[in-house]
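One structure is given below, encoded as C-alpha cells.
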Amino acid sequence: MANQSDTKIFEQEEQVVLKKQSQFREIMGRFAKNKLAIASLVIIFILIIMAVFAEQIAPYGPDDQDLSRRFTYPCAEFLLGTDDYGRDILSRLIYGARYSLSVGLISVSFSCLIGVILGCIAGFYGQVADNIIMRLVDIVLAIPNILLALSIASALGPGLGNLIVAVGIGAVPGYARIVRASILSVKQMEYIEAARSIGASDVRIITRHILPNCLAPIIVQATMSIAVAILSAASLSFLGLGITPPTPEWGSMLSAGRAYIRDFWPVVTFPGMMIMITVFAFNILGDGLRDALDPKLKV
C-alpha cells in the first residue's frame, strides 16, 4: 500500500512538472512569434554586454582627454566624435550604460520588493492594514512620478544611491496595487483553504501558493518600469539632481552638451539616441512579455 501511494504521489508531481514545462514552452512560443520583442531583447542583451565589458569594448577611457581633438566629428579614429574636453563620445556612452542600467535595475528591484511586501499585507490581511496601506499608496499616486523624484532627489542631494531611492519610491504603488489585486482574486480559492486546513503559516501560503500566481503581472510591470526608471534617472541627471559630471551617465552627458547643441550636434544626439533606444527596447519587451504571459490581453 505504501508503495502504491508513493507511486501516485510521484506521478502527480511528474504531471505538475510536465504541465509547467508545457506552459513554459507555450509562453516561449508566443514570445518568439513577436519579432519586435525578440529584437528588443537582442538590443538589451547588447547593452548589458556593453555595461559588463566596458573596459574591453570601449576604445578609450571615459575620462581620457585630448584638448587638441575637441569637437571632432565622427571619423575612423573617433566613431561618434569627441566632446568639449576631447573625450571619445562612444567610450563614454559604453561606460554610461553601466550607470543607466544599474539605476534602472536596482531601483526597480527596490520598488518591486517594497511594493510586493505592501501588496501582500494589504491583500492577504485586508481590513485595517489594507485601508492604511492603500490610502498611503493613493497619496503617492496623486503626486506625478517626476515631481516626486525631483522632490526626493532635491532633499537627498545628487549621487547614485540617492538617485536610485528617488526613482524607486515612485514605482512602489504600482507593484502594491498589482499584487493586492492578484491576491484578492486568488486568496479564496480552494487550494488556499486546503493549505490553511493543513496548518500552513501565512508566510508559507503567500510565498508558496499566492505569489507564484502573481508573477506574470509583476514581471511585465518590472520590465516596463525599468524603461521609466532609466528615463527618470536621465531626466534628474540632466537637471543636476542625479549623477553629476564627469561621470559618463547619459543624462549628465546631455546636460553637459546642451550648451553646444547648435554648434556641434554629436555631443547631444548620440546620448539622446541611447536613451531613446534603451527605453524603447524595454517598453517593447514589456509588451511582448505581456502578450506571451497572458494572450487574452492582446487586442
Q.
Has Ser252 got a side-chain atom pairing as donor or acceptor with Thr247's backbone, closer than 3.5 angstrom?
A. yes

Q: Check whether any side-chain heavy atom of Ser232 lies under 4.5 Å from a side-chain heavy atom of Asn145, and answer yes or no.
A: no

Q) Other hydrophobic cluster members with Leu67, side-chain heavy atoms of Ile/Leu/Val/Met/Phe/Trp/Tyr under 4.5 Å, chained? A) Tyr85

Q. Between atom CD1 of Ile284 and atom OG of Ser40, what is the distance when rounded to the nearest 0.5 Å?
A. 6.5 Å

Q: Among Ile, Leu, Val, Met, Phe, Trp and Tyr joined by side-chain contacts under 4.5 Å, find the other residues sharing a cluster with Tyr95 and list them by chain and number.
A: none

Q. Is the closest side-chain heavy-atom distance between Cys120 and Leu211 below 4.5 Å?
A. yes

(Q) Tell me every residue that passes salt bridge (charged side-chain N to carboxylate O under 4.0 Å, His left out) with Asp130, counting only those two or more places apart in sequence or in another chain. (A) Arg180

Q. Can any side-chain N or O of Ser107 pair as donor or acceptor with the backbone N or O of Ile164 at less than 3.5 Å?
A. no

Q) For Tyr260, which residues count as a ring-ring contact (aromatic ring centres under 6.0 Å, His included) partner, sequence neighbours excluded? A) Phe71

Q.
By the definition side-chain contact (heavy atoms from CB on, under 4.5 Å), identify the one residue from Ile133, Ile206, Ile183 that meets it with Ile121.
A. Ile133

**Q.** Any Leu80 side-chain heavy atom under 4.5 Å of Pro266 side chain
**A.** no

Q.
Counting C-beta onward and ignoring hydrogens, is there a side-chain heavy-atom pair between Leu141 and Arg177 closer than 4.5 Å?
A. yes

Q.
The criterion is side chain to side chain donor-acceptor pair (under 3.5 Å); which residues satisfy it with Gln127, sequence neighbours excluded?
A. none

Q. Arg204: what forms a side chain to side chain contact (heavy atoms under 4.5 Å, CB included) with it, not counting sequence neighbours?
A. Ala200, Ser201, Arg208

Q.
Under the criterion side-chain contact (heavy atoms from CB on, under 4.5 Å), I'd like the reasoning laid out for Leu136 against Val140: C-alpha separation, chi angles, the key distance, then a yes or no.
A. CA-CA 6 Å; Leu136 292 175; Val140 177; 5.7 Å; no

(Q) Going by ring-ring contact (aromatic ring centres under 6.0 Å, His included), name the residues that satisfy it together with Phe124, two or more places apart in sequence or in a different chain. (A) none

**Q.** Tyr175: partners by side chain to side chain donor-acceptor pair (under 3.5 Å), with sequence neighbours left out
**A.** Ser225

Q | Non-hydrogen side-chain atoms of Asp64 and Asp88 separated by less than 4.5 Å | A | no

Q. Do Trp265 and Tyr73 have side-chain heavy atoms sitting under 4.5 Å apart?
A. yes

Q. Listed by chain and number, what are the salt bridge (charged side-chain N to carboxylate O under 4.0 Å, His left out) partners of Asp63, not counting sequence neighbours?
A. Arg92

Q) With sequence neighbours left out, what residues match Arg262 under salt bridge (charged side-chain N to carboxylate O under 4.0 Å, His left out)? A) none

Q. Between Phe270 and Met253, is a side-chain contact (heavy atoms from CB on, under 4.5 Å) present by the stated rule, with each step listed?
A. CA-CA 10 Å; Phe270 292 122; Met253 290 176 66; over 6 Å; no

Q. Any side-chain heavy atom of Leu236 sitting closer than 4.5 Å to one from Leu163?
A. yes

(Q) Please enumerate all residues that pass side chain to side chain donor-acceptor pair (under 3.5 Å) together with Asp66, with sequence neighbours excluded. (A) Ser68

Q: Measure the shortest side-chain to side-chain distance between Thr244 and Ser237 over non-hydrogen atoms and say whether it is less than 4.5 angstrom.
A: no

(Q) Take a 6.0 Å sphere around CD1 of Ile49 and say whether it holds more than 12 heavy atoms from other residues, nucleotides or ligands. (A) yes

**Q.** Pairing residues for Tyr60 by the ring-ring contact (aromatic ring centres under 6.0 Å, His included) criterion, not counting sequence neighbours
**A.** Phe78

Q.
Apply salt bridge (charged side-chain N to carboxylate O under 4.0 Å, His left out) to residues Arg69 and Glu77 and explain how you reach the verdict.
A. CA-CA 11 Å; Arg69 305 299 299 270; Glu77 185 178 359; 3.0 Å; yes

Q | Steps toward side-chain contact (heavy atoms from CB on, under 4.5 Å) verdict (Ile219, Arg290) | A | CA-CA 8 Å; Ile219 291 172; Arg290 180 198 61 194; over 6 Å; no

